[in-house]
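Encoded as C-alpha cells, the structure appears first; notes follow it.
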Amino acid sequence: MKTRKVTWWNVLGYACLNFLGGGTQALSSAFLMLFYTSACEIPAVQAGLIFTIARLIDAVGNPVMGFISDNMGRTRIGRKFGRRRLFILTGAPLVLITYPILWTPGHTFTFYLIANMIYEMVFTSVMVPGPTLPAEMTQVASEKTKLVSAKQYCGTFASTIALLFPAFFFQRLGDDSIDAYFYTGLSYAIVTAISLLVVYALTYERAPEDIHYTDKMGSVHHVLLKLVNDVFASMRIRAFRLHAGMMLFIGIYKNLAAGVFTYYVVYALGLTKSATSIITSLSTLVAFVALAIFITLCYRYGGPFAFKIVGVIVTVSLLGYYVLYLGHVGMEEHMVIVWLTILAIVNNIGKAGADYIPVFQLPFMADIDEAVTMERREGIFTGVNGLLSKVASAAEGFLLGVGLSLFGFEKGAGQQSASAIDGVLIMTIVVPIVLCVIIWLISRNLKLTKENHKLLVDEVHRIRGGGSMADVTPETKAAVEALTGWKYEQCFGHNDVMHRHSEAQAKYAN
C-alpha cells in the first residue's frame, strides 16, 4: 500500500467539510423550525413531522450511500475522481440549489416536506463519503486525530459564522422580517458550496490499486443482499455497537439542545431573535478552547472518559437555565443577556465535547472491523453512522414538535401560555439531562484507547504480512477481543460476518 504523509493543507481541506456538516446543521437547528412555526404558521406537530419524516426516509439512504461509495472504486468515474471525493464535488452545486429553498416563505406543509427530503439526500450524498477520508488518508492514530479535530474546529467556526447571518439580516430587515430567513439560507449556501470545492481540491484518498474487493458486484439481488449483510455485519463489531448507542443519543441531545434553545430565549425569557442569534454565535466561540481540552482527553483517555466530564458540565449549565428563568422577571434585560451568555458558554463547552466524541471515535471503527473481516469498509460504517445521525435528528424533530404541542404551544403566537412555557423548560432542561445519563451508561463499556487501537492495527498488519495467529501476545489478544467483541481465534476472516467465499476465507488462514 502506498502511503502519504498528511500535510496541513490536507488537514485544512478536510476541515472545510464541516461548513456543510456543522454550519448548516447549526443554522437549521436554531432557526428553521422557528421559521416554519412562526413565519410560515405551520403547527408545531407538522413542523416537527417535516424533519422527522424527511430524515427517517433519508436515514435508509445513509448505508445505501455508504455501500455505493465503497464500491465506486470498481467504476471508471470512481477511479478517476475518487470513490469518496466524487460526491463532494457534485455536492457543491446541489447544496447551492437545495438549501435556500428550505427558507422560502408562503408554502404548504407538503412543499416543505419534499424540499427537506431532497436537501437531506444531497446532504447525505456528501456527508457519508466525506467523513471516510481520515481512514482513507492514514491509519496513524495521531494523524486521524489531527484530521477529525481540525474538522471539529472548523465545525465550531462554521456554526459561529452561520449563526451570525440571521443576526445580521434580522437587524437590517427587522426582527419580524420573513425575508431575513431566506437571505440567511441563500448566503450560507454560497459559503458551503465554496467550502466543498476546497475539500475536493485539498484532500486525497487511497490509490485505486490499493482498493481490494473480495467478490464481484454481481446481480442487483446480490448487491442488495450484500448491502443488508454489511449493515447488520457492522453491528456485530462490539466497539461500533457501543459507539452507535452513544452516537444516537448524543445526536438527539445536541440537536434538541440547539433547536429548543431559540424557543427558550424567545418565549421563556422574552428576548429577540437577533439577540438569540448573537448569543448562540458568541457562546459557540468558546468551543475553540473547549475542543482543545476534549481533543486531548479523547486522545489520551478515550471518548468514554471524556463524556463523564461532558455530563457534569451540561447538567450544571441546564440547571443554571432554570434558575435564570425563575429570576429573570424584574431583572434588567441587559443582565438577563449577560447571565444567559455565561450559561450558554458553559453549555457550549459541554456540547463541544459531546459533539466531538463520536467524531473522534468513528475513524477507528473501520480499523477494528478489519481485524474481524480483513476488509476495509469505511463507507458502511460512515453510512450506518449517518443513519443514526438522521434517526437522532428525526427523533429530535418529533420530540420538539410533539412536546411543544402537548403543552399547548400555539403557531405564530407572540405570547405563549404558562403550560407552553413549561413545555419549553422541560424540553430545554429535563430531557437533555436524561439523555446524558443514558449516554454515560453506554459509554462505560467502550474500551477504545490509542494504546488498544495501536495494538489492534499492528496485529492486522502482522497477520496480513503472513504472521501466525499463534504468535499473538496476551496484551494484543486482550485488546483485539475487547474492541471487536470476538474471540481472537475468530478474527481475521475466521468467522461468518461477511459470508465470504471459502477461497477468500482461506487467504488469511494459517
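Bear in mind that the values here come from a model prediction, so they are computed numbers and not experimental data.
- Aromatic ring orientation, Tyr99 versus Tyr119: tilted (interplanar angle from 30° to 60°).
- Inter-residue side-chain proximity for Lys151 and Val11 is flagged as unmet; no heavy-atom pair is nearer than 4.5 Å.
- Between Ile295 and Thr145 there is a side-chain heavy-atom pair separated by less than 4.5 Å.
- In this structure a side-chain-to-backbone donor-acceptor pair under 3.5 Å is present from Tyr112 to His107.
- Here the closest non-hydrogen pair linking Val128 and Thr132 is O-CG2, 3.5 Å.
- Side-chain atoms of Arg464 and Met374, non-hydrogen and from C-beta on, do get closer than 4.5 Å to each other.
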- Task: Apply the test side-chain contact (heavy atoms from CB on, under 4.5 Å) to residues Ser277 and Phe31: give CA-CA distance (whole Å), side-chain angles for both, the deciding distance (0.1 Å), then the verdict.
- Result: CA-CA 9 Å; Ser277 181; Phe31 284 97; 3.7 Å; yes
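- Rounding to the nearest 0.5 angstrom, the gap separating the CD atom in Glu120 from the CZ atom in Phe51 is 9.0 Å.
- Checked by atom type and distance alone, the side chain of Thr262 pairs as donor or acceptor with a backbone atom of Ala30 at under 3.5 Å.
- You'll find the side chain of Phe364 stays beyond 4.5 Å of the side chain of Leu456, heavy atoms only.
- The closest donor-acceptor contact from the side chain of Asn348 to the backbone of Ala344 lies under 3.5 Å.
- Rounded to the nearest 0.5 Å, atoms OG1 (Thr90) and OH (Tyr200) are 10.0 Å apart.
- Listed for the Arg55 side chain is no donor-acceptor partner under 3.5 Å among the backbone atoms of Val391.
- Of the charged side-chain nitrogens involved, at least one lies within less than 4.0 Å of a carboxylate oxygen, so that Arg462 and Glu459 count as a salt-bridged pair.
- In terms of heavy atoms, Ala135 sits closest to Pro363 at CB-O, 4.3 Å.
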- Tell me, with the steps shown, if Val314 and Lys351 meet side-chain contact (heavy atoms from CB on, under 4.5 Å). CA-CA 7 Å; Val314 167; Lys351 194 160 66 172; 5.6 Å; no
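- Here the side chains of Thr98 and Phe123 are not in contact, with every heavy-atom distance at 4.5 Å or above.
- The shortest distance between side-chain heavy atoms of Met65 and Met127 does not fall below 4.5 Å.
- Around NZ of Lys454, the count of heavy atoms belonging to other residues, nucleotides or ligands within 6.0 Å does not exceed 12.
- Considering Thr373, Asn495, Asp496 as possible partners of Arg236, the one that fulfils the side-chain hydrogen bond (donor to acceptor under 3.5 Å, both in side chains) test is Asp496.
- Interatomic distance, Leu483 CG to Phe240 CZ, rounded to the nearest 0.5 Å: 14.0 Å.
- Between Asp355 atom CG and Ser159 atom OG the span is 7.5 Å, to the nearest 0.5 Å.
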- Could you walk me through whether Phe294 and Phe360 pass the side-chain contact (heavy atoms from CB on, under 4.5 Å) check? CA-CA 10 Å; Phe294 285 108; Phe360 167 80; over 6 Å; no
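- Here Lys144 pairs with Asp367 under the salt bridge (Lys or Arg N to Asp or Glu O under 4.0 Å) rule; sequence neighbours left out.
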- Task: Let me see the working for Thr7 and Asn10 under side-chain contact (heavy atoms from CB on, under 4.5 Å), right down to the final yes or no.
- Result: CA-CA 5 Å; Thr7 69; Asn10 303 139; 3.0 Å; yes
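- A donor-acceptor contact under 3.5 angstrom links the side chains of Ser149 and Tyr356, judged on distance only.
- Using modelled atom types and a 3.5 Å distance limit, the side chains of Arg84 and Ser69 yield a donor-acceptor pair.
- The closest donor-acceptor contact from the side chain of Thr24 to the backbone of Leu20 lies under 3.5 Å.
- Atom CZ of Phe109 has more than 12 heavy atoms from other residues, nucleotides or ligands within 6.0 Å.
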- Task: Check the pair Tyr181, Phe170 against ring-ring contact (aromatic ring centres under 6.0 Å, His included), reporting the backbone distance first and the verdict last.
- Result: CA-CA 8 Å; Tyr181 290 102; Phe170 280 127; 5.1 Å; yes
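- When the shell of 6.0 Å around CZ of Phe157 is examined, it contains 12 or fewer heavy atoms from other residues, nucleotides or ligands.
- Although no hydrogens or angles enter the test, the distance criterion places no donor-acceptor pair under 3.5 Å between the side chain of Ser281 and the main chain of Ile278.
- Side-chain contact of Thr428 with Tyr263: a donor-acceptor pair under 3.5 Å is absent, judged by distance alone.
- A donor-acceptor pair is defined here as one N or O able to donate and one able to accept, closer than 3.5 Å; such a pair exists between the side chain of Thr52 and the backbone of Gly48.
- Between atom OG1 of residue Thr192 and atom CG of residue Leu96 there is a gap of 9.0 Å, rounded to the nearest 0.5 Å.
- Across every non-hydrogen atom of Tyr14 and Gly130, the tightest pair is CE1-O, 3.4 Å.
- With hydrogens and angles left out, the side-chain atoms of Asn116 and Tyr36 include a donor and acceptor closer than 3.5 Å.
- A side-chain donor-acceptor contact under 3.5 Å links Thr296 to the backbone of Ala292.
- Scanning all heavy atoms of the two residues, the minimum distance from Trp8 to Lys146 falls at CH2-CD, 3.8 Å.
- Considering every non-hydrogen atom in both Cys154 and Asn18, the closest pair reads C-CB, 4.2 Å.
- Between Pro129 and Arg83 the shortest side-chain heavy-atom distance does not fall below 4.5 Å.
- Between the side chain of Glu136 and the backbone N or O of Tyr204 there is no donor-acceptor pair closer than 3.5 Å.
- Rounding to the nearest 0.5 angstrom, the gap separating the CG atom in Leu196 from the SG atom in Cys16 is 9.0 Å.
- When all heavy atoms of Lys447 and Arg444 are compared, the closest pair comes out as NZ-O, 3.5 Å.
- Formation of a donor-acceptor pair under 3.5 Å by the Ser234 side chain with backbone atoms of Phe381 is not found in this model.
- Within a 6.0 Å radius of CZ in Phe398, other residues, nucleotides and ligands contribute 12 heavy atoms or fewer.
- In this pair, Phe305 and Tyr301 present their aromatic rings tilted. The plane angle is within the 30 to 60° band.
- Heavy-atom neighbours of Phe111 CZ from other residues, nucleotides or ligands within 6.0 Å: above the threshold of 12.
- The closest side-chain heavy-atom distance from Ser443 to Leu242 is not below 4.5 Å.
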